[in-house]
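Along the sequence shown, the residues carry numbers beginning at 1. Excluded from the calculations below are hydrogen atoms, water molecules and symmetry mates; all remaining heavy atoms, backbone and side chain alike, are included.
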Amino acid sequence: MNTTAQVPAGYRTLETASLANWLAALPAVRERLGGAPGRWTAREVGDGNLNLVFIVDGPEGSICVKQALPYLRVAGPSWPMTLERAYYEQAYYAAVAPHVGAAIPHVFHYDPDQYAIVMERLTPHVILRRGLIAGHRYASVGQDIGDYVARAGFFTSDLAEPFERKFDRIARFAGNTDLVRISVDLIFTDPYFEHPRNRHTRPHLDRDVAALRCDAAAKGAAAELGRRFLGETQALIHGDLHSGSIMVTDADTRVIDPEFAFYGPLGFDLGAFLGNLVLAWCAQPGLALRPGERDAYRDWILEQARAFWTAFHDRFLGLWRTAGHGDAWPAALFREPGDGAALESARRQYLDALFADMLGYAACKMIRRVVGFAHVADLDDIADPARRACCERSALGIARHWLARRREYGSIEDALAALPEIAAA
Ligand code: SR1
Ligand code: MG
């Protein structure tokens with residue numbers, strides 16, 4: 001980890017009392033909030049691992065301000081962290097905005113001195129993870145996120161654009177090293193050996209964790225996926241697309257918090273969402289107040305997982321067929337009669353490889369949330385440690401299975417249909 005966070009002279013931690021004065025200089029904010037700045041009220045609402053988040057209300061509307069701290073909020077000043085993550089977050093929003101429309105919040109302003117992003121307040125949206133814990137259904141969330149990952153991924157890849165533009169963005173996002181370091185350490189490294197940052201439900205999971213750490217095949221698969229996480233500049237990825245980075249209503253789905261963005265494997269974003277859906281699925285029996293109470297809801301979660309991959313697959317393939325104007329797989333090579341079949345076959349192979357990557361990265365994401373540093377509320381909210389461990393054990397079982405067998409599944413339906421048996425083993 002970086003232990004020398006730089007705090008530029010002009011930077012100060014934003015405070016509720018002075019926020020209105022600071023925002024008053026921004027015409028777009030004045031218009032959104034309405035009335036005199038003296039009537040605006042601010043409150044700090046951040047509950048994530050990294051940043052300050054403020055909601056500011058005015059007579060006519062509200063906005064959200066997110067500011068990077070010079071350390072990780074969840075750990076305090078003992079874990080310094082670059083402020084530049086705010087720059088990468090707004091740069092990601094700017095890069096994908098032309099392709100994903102209103103699936104991200106509107107950004108009113110970025111302040112490079114305060115490392116603060118002033119953006120649309122999403123209301124009455126809730127964090128998807130909270131909705132999944134409460135057992136709510138959101139009709140199109142799986143499909144919406146599949147469509148989102150396809151659009152953001154395709155249009156930032158060299159299937160869609162000249163390599164010069166992609167290289168330019170690779171260079172810009174290559175500076176996001178402190179955040180990539182967090183992922184390298186917390187996802188691909190620490191969980192697989194004893195490390196002081198790790199924790200798990202003790203003593204219930206002791207044997208399961210010991211077995212994972214002796215599983216050379218699982219460690220080899222995680223290491224290979226970690227190598228490709230660093231080396232595969234497939235597309236601009238969100239980098240942390242779990243269910244806490246998605247806000248929903250019954251009719252709307254938004255992606256937030258892309259501060260981990262960089263050029264990496266698209267399967268990492270796919271796996272983040274799938275893995276967190278499956279974690280939610282594993283947690284439901286522990287969250288249920290009565291046996292069987294959440295059974296139908298678990299089926300709904302798997303239906304969202306199916307819809308997610310299907311929407312991604314169909315949208316990505318459709319975009320490649322209609323907007324594949326980039327330097328990778330150049331259309332000019334495939335103009336002779338009979339070329340079409342070869343190109344289609346290559347597309348299918350590409351998507352099959354993405355599917356295997358998705359299962360592998362989902363597995364890595366699930367393992368780190370059970371035995372690593374930062375866990376998920378889906379499981380942590382299960383107060384009884386024995387019940388929680390039962391759910392966590394099924395998550396570990398599925399993850400180890402997917403690490404070993406990620407290339408063996410021919411369809412999302414087959415992969416999901418196998419889950420109950422793997423979870424019960
Ligand atoms: C130290 S930060 C822990 C986790 O929080 C973020 O949401 C990322 O998932 C990161 O790995
Ligand atoms: Mg986050």
Side-chain angles (χ1 to χ4, degrees), residues 1 49 177-201 205-235 237-243 260 262-279 281-282 305 309 352-376 378-379 391-409 415 418-419 422-423 425:
M1 300 291 167
N49 290 329
T177 50
D178 279 21
L179 280 282
V180 174
R181 168 54 68 191
I182 289 177
S183 297
V184 166
D185 289 346
L186 299 192
I187 300 172
F188 296 107
T189 312
D190 296 359
Y192 300 94
F193 66 102
E194 288 278 349
H195 191 286
R197 278 193 296 251
N198 292 336
R199 71 182 167 89
H200 64 262
T201 302
L205 283 187
D206 284 353
R207 284 170 49 181
D208 307 82
V209 174
L212 170 72
R213 291 180 181 152
C214 290
D215 183 344
K219 290 193 286 186
E224 174 59 11
L225 288 156
R227 180 189 72 75
R228 293 188 46 238
F229 175 71
L230 293 174
E232 188 98 48
T233 56
Q234 205 166 18
I237 61 171
H238 177 286
D240 199 25
L241 194 55
H242 54 74
S243 51
F260 284 77
F262 79 117
Y263 262 81
L266 202 40
F268 188 76
D269 277 356
L270 293 166
F273 185 67
L274 177 68
N276 277 267
L277 279 184
V278 176
L279 283 174
W281 181 83
C282 292
W309 168 256
D352 287 350
L354 275 181
F355 183 71
D357 284 357
M358 172 175 74
L359 298 186
Y361 285 116
C364 296
K365 295 286 207 162
M366 291 167 68
I367 287 169
R368 62 79 58 109
R369 297 298 188 188
V370 174
V371 311
F373 172 72
H375 289 211
V376 287
D378 315 51
L379 292 162
C391 299
E392 291 173 330
R393 186 170 294 116
S394 41
L396 285 180
I398 291 166
R400 286 177 68 185
H401 178 90
W402 276 356
L403 280 180
R405 316 270 292 267
R406 64 190 185 281
R407 297 193 187 89
E408 293 173 23
Y409 284 100
L419 292 189
I422 304 165

Would you say [X] and [Y] make side-chain contact, with heavy atoms under 4.5 Å?
X: D208; Y: V371; result: no
X: L403; Y: C364; result: yes
X: V278; Y: M366; result: yes
X: F262; Y: I237; result: yes
X: H195; Y: D185; result: no
X: D206; Y: H200; result: yes
X: R368; Y: V376; result: no

[atom1]-[atom2] distance between [X] and [Y], expressed to the nearest 0.5 angstrom:
X: Y192; Y: D215; atom1: OH; atom2: CG; answer: 9.5 Å
X: I187; Y: I367; atom1: CD1; atom2: CD1; answer: 11.5 Å
X: R199; Y: F373; atom1: CZ; atom2: CZ; answer: 8.5 Å
X: L274; Y: W281; atom1: CG; atom2: CH2; answer: 12.0 Å
X: R405; Y: R400; atom1: CZ; atom2: CZ; answer: 13.0 Å
X: R406; Y: L359; atom1: CZ; atom2: CG; answer: 9.0 Å

Residues Q234, L354; criterion side-chain contact (heavy atoms from CB on, under 4.5 Å); working and verdict: CA-CA 11 Å; Q234 205 166 18; L354 275 181; 3.8 Å; yes

Taking every non-hydrogen atom, the tightest pair across [X] and [Y]:
X: A374; Y: N49; answer: CB-ND2, 4.1 Å
X: G397; Y: I422; answer: O-CG2, 3.8 Å
X: A222; Y: F188; answer: O-CD2, 3.6 Å
X: V370; Y: A395; answer: CG2-CB, 4.2 Å
X: C391; Y: L379; answer: CB-CD2, 3.7 Å

Taking [X] for the side chain and [Y] for the main chain, is one N or O donor matched with an acceptor at less than 3.5 Å?
X: K219; Y: C214; result: no
X: D269; Y: H238; result: yes
X: N276; Y: A272; result: yes
X: R197; Y: P191; result: no

Which residues share a side-chain contact (heavy atoms from CB on, under 4.5 Å) with T201, sequence neighbours left out: H204, L205, P385, R388, A389, E392

Electrostatic pair D357-R228, nearest N-O below 4.0 angstrom: yes

Near-ring test Y409/F355, centroid separation under 6.0 angstrom: no

Whether Y361 and F268 hold their rings parallel, tilted or perpendicular, with breakpoints at 30° and 60°: perpendicular

